[in-house]
Amino acid sequence: MVLSDLKVGQSASIINMHSMEPVMRKKLLNMGFLPKASVELLRIAPMGDPIAVRCANSSIALRKTLASQIKVELSA
């Protein structure tokens, strides 16, 4: 499953981000998007893009194309 597949309010753990550009991956890693980190989908914009995500006590807006490159596993 990928981050863009989550529904509002769902939480998941990051598995990997290997399919994205190294520069963008490094930026996200610096913001706390680390393997096994918990992420929660907060909001989806009215037109569907971007999405608001909480990770490491920070909220960030991501484009759906970028979120679809982050593999996650649903939290129990």
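No side-chain donor-acceptor contact under 3.5 Å links Q69 to the backbone of L66.
Note that CG of L3 is 4.5 Å distant from CD1 of I51, once rounded to the nearest 0.5 Å. Note that CE of M17 and CG of L28 are 5.5 Å apart. Values are rounded to the nearest 0.5 Å. Taking CG from L74 and CG from D5, the interatomic distance works out to 9.5 Å, rounded to the nearest 0.5 Å. Distance check: M24 CE to L29 CG gives 11.5 Å after rounding to the nearest 0.5 Å. If you take NZ on K71 and CE on M20, they are separated by 11.0 Å, rounding to the nearest 0.5 Å. Annotation: the span from R63 atom CZ to S4 atom OG amounts to 14.5 Å, rounded to 0.5 Å.
A single hydrophobic cluster is not seen to contain both V53 and V2; linkage of ILVMFWY side chains at heavy-atom distances under 4.5 Å, directly or through other members, places them apart. In the hydrophobic clustering of this structure, I15 does not group with L62; members are Ile, Leu, Val, Met, Phe, Trp, Tyr whose side-chain heavy atoms approach within less than 4.5 Å, directly or through other members.
Side chains of V72 and V39 form a contact here, defined as non-hydrogen atoms less than 4.5 Å apart. In this structure, the side chains of K7 and L41 stay at 4.5 Å or more apart for every pair of heavy atoms. At a threshold of 4.5 Å between non-hydrogen side-chain atoms, the residues L34 and I14 do not count as touching. Side-chain contact between L42 and S59 is present, with heavy atoms from C-beta onward closer than 4.5 Å.
Sorted by first and then second residue, the pairs that involve residues 34-49 and meet salt bridge (Lys or Arg N to Asp or Glu O under 4.0 Å), not counting sequence neighbours, are E40-R54.
Closest heavy-atom contact between A56 and G32: CB-CA, 4.2 Å.
A 6.0 Å sphere centred on CD of Q10 holds more than 12 heavy atoms belonging to other residues, nucleotides or ligands.
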